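In the text below, chain A, chain B and the rest are named by the order of the sequence lines, each starting its count at 1. Keep in mind the model is a prediction, meaning the values are calculated, not measured.
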2 protein chains.
Amino acid sequence: MTGDIPAVDGDRPLRADARRNRDQILGAARDVFVEHGANAPLELIAKRAGTGIATLYRRFPDRAALMRAVVLQAWRRTEEIATSAADEEPDPFRALIHYMHSALDIRVAAVVPALLAEIAELDDVEMQTARGRAAQRVQALIDGAHRSGALRPDVTFADIGLLVVRLSRPLPGSMSRELNDELAHRHLQLLVHGLRAEPDGDVKIQGPALSLEELNRSGPLAPPR
Amino acid sequence: MTGDIPAVDGDRPLRADARRNRDQILGAARDVFVEHGANAPLELIAKRAGTGIATLYRRFPDRAALMRAVVLQAWRRTEEIATSAADEEPDPFRALIHYMHSALDIRVAAVVPALLAEIAELDDVEMQTARGRAAQRVQALIDGAHRSGALRPDVTFADIGLLVVRLSRPLPGSMSRELNDELAHRHLQLLVHGLRAEPDGDVKIQGPALSLEELNRSGPLAPPR
DNA sequence: GGGCAAGCGGAAAGACTTCCTCCACTTTCG
DNA sequence: CGAAAGTGGAGGAAGTCTTTCCGCTTGCCC
């Protein structure tokens, strides 16, 4: 799960500390964009990364460059997790589901569409190939699951992609990051199995099964502070 | 599906045109908050409602008052649709699903949590009762579906509520409102039935089954403009 | 159908937020 | 150890959003 961006900006390799800061910024940017949208203040990203604002600007000349780097990293990680899901799970349906769970973990689907809508130049080669490679891997997972007969035939690429988007965006409100993540995985399981009780006994769904009261206490409907 | 707010602000009834504008503003506020978040410019809401900004301020002294009114209306409509779902569908499981589809239509779940997180005083009586009545109706739907044995036993109130939130928030990107809504309903159907192919032949899922290419052309990953 | 209270829109002042550069100081590494 | 590379944060510029004010319009009651 390294998903690294090459250490170069185009020419000279970065000094070790600079490289470290660059990665911190990229990670912080992903989280902040996910939580606050594509217009989040860059200063917040810098703070979250534990660096000054100038460091961010030195590495990424403007907001668009930062977004582009985040998206690029996201595509590359997507390719990685899709590949390893296919490698690790012999059963094609389970491989697809495994991929979806991993996608929730890296928050890729929550950040990519929100940023892409704001970037002007998508036609650059580096981006196109990263995106193409990722899409190809995911499509292969879906095709495999379809061929095996386990995946509903009318489920398309867009359905899988968009459902992951829906699941990975944080729920509004004051709940903790941990609870949010657990609920995302729980809801993915519900999606996989469906809401209807299964006649031959239900597979047990994991994750926090919150009542109305518990939801109020810790959730998005809670009276804040 | 009227879900009206009483025509009074507390004392004198509003003049007919003012009443009309107030409703317009409330509707526009719901949509704008859904699409742009709780910090959306109030001027945008006024414009969407087809009124001047002053009209908005005359009716709602500040942002919090407007939010409060939107949330209050949302709770009241929730009660309505939960009630009519129970009335119209004899089968308890189908009644619950019917309710969830209606909830997507009125966008209630997309707007309420985002706003509630920002409002300070939730403890006022009017709000509490509206909320309590809505919650009670929904809980009744869930209980009924559980009792009938058709709903998975480990599905809780929070699951239903939060899944509706996930489904009703618009997907990021440039897709049209119509497509967005159709996809929300489609994905709800997938959630109900599950991703796995059903052994005894699949129920046909309605709505736009987009391929990767179609998604790119019209969707959140599309190169914009 | 006339009078007037109620309602209206939009301009603009002011508060607040965010961007982004500049420079004196610190760190890495050959 | 010294030069090149990297750093943080202050602060002016630019932009966004809020909120009020006032001359004009509209619905409503007699």
#### Entry: Identified side chain to side chain contact (heavy atoms under 4.5 Å, CB included) counterpart of A:L42 within the set A:L56, A:V32, A:I25
A:L56
### Query
Between atom NZ in A:K47 and atom C1' in C:dT18, what is the gap in whole Å?
13 Å
### Query
Going through the checks in order, is the side-chain hydrogen bond (donor to acceptor under 3.5 Å, both in side chains) test met by B:D159 and B:T156?
CA-CA 5 Å; B:D159 290 323; B:T156 70; 3.3 Å; yes
### Message
What is the distance, to the nearest angstrom, from the CG atom on B:L56 to the C1' atom on C:dC8?
### Response
13 Å
Check nucleotides 21-24 of chain C against the protein and report each pair of N or O atoms closer than 3.5 Å, with its distance, or say if there are none.
none

### Task
Go through the steps to decide whether A:N216 and B:R131 satisfy the test side-chain hydrogen bond (donor to acceptor under 3.5 Å, both in side chains), and finish with yes or no.
CA-CA 12 Å; A:N216 286 340; B:R131 182 161 160 280; 2.8 Å; yes
### DNA chain C-proximal residues of residues 32-43 of chain A, any heavy atom under 4.0 Å
A:P41, A:L42
#### Entry: Between P of D:dT19 and CG of B:L66, the distance in whole Å
12 Å
### Task
Starting at the 5' end of nucleotides 25-30 of chain D, put B wherever the base has a protein heavy atom under 4.0 Å, S where only the sugar-phosphate does, and a dash everywhere else.
-BSS--
#### Entry: Spacing of CG belonging to B:L195 relative to CE belonging to A:M100, to within rounding of 0.5 Å
5.5 Å
### Query
Any salt bridge between A:R133 and A:E80, counting N to O under 4.0 Å?
no
### Summary
With A:I160 as partner, the option from A:I142, A:V165, A:L141 fulfilling side chain to side chain contact (heavy atoms under 4.5 Å, CB included) is A:I142
### Flag if over 12 foreign heavy atoms under 6.0 Å of CZ, A:R48
yes
### Task
Quick one: do B:I45 and B:F33 satisfy side chain to side chain contact (heavy atoms under 4.5 Å, CB included)? Show the steps, please.
CA-CA 9 Å; B:I45 294 175; B:F33 284 142; 3.8 Å; yes
### Message
Assess the residue pair B:R76 and B:E126 against the criterion (salt bridge (Lys or Arg N to Asp or Glu O under 4.0 Å)); give the C-alpha distance rounded to whole Å, side-chain angles, the decisive distance to 0.1 Å, and a yes or no.
### Response
CA-CA 11 Å; B:R76 296 199 169 132; B:E126 198 173 15; 3.4 Å; yes
### Query
In whole angstroms, how far is the P atom of C:dG7 from the CG atom of B:D23?
14 Å
### Query
Given atom CG of A:L44 and atom C1' of C:dT17, what is their separation to the nearest angstrom?
13 Å
### Query
Any salt bridge between A:R107 and A:E35, counting N to O under 4.0 Å?
yes
### Task
Check the distance between C:dA6's P and B:R59's CZ and give it to me in whole angstrom.
11 Å
### Query
Is there a donor-acceptor pair under 3.5 Å between the side chain of A:E214 and the backbone N or O of A:S211?
yes
### Message
Rounding to an integer number of Å, can you tell me how far B:N21 CG sits from C:dC8 C1'?
### Response
8 Å
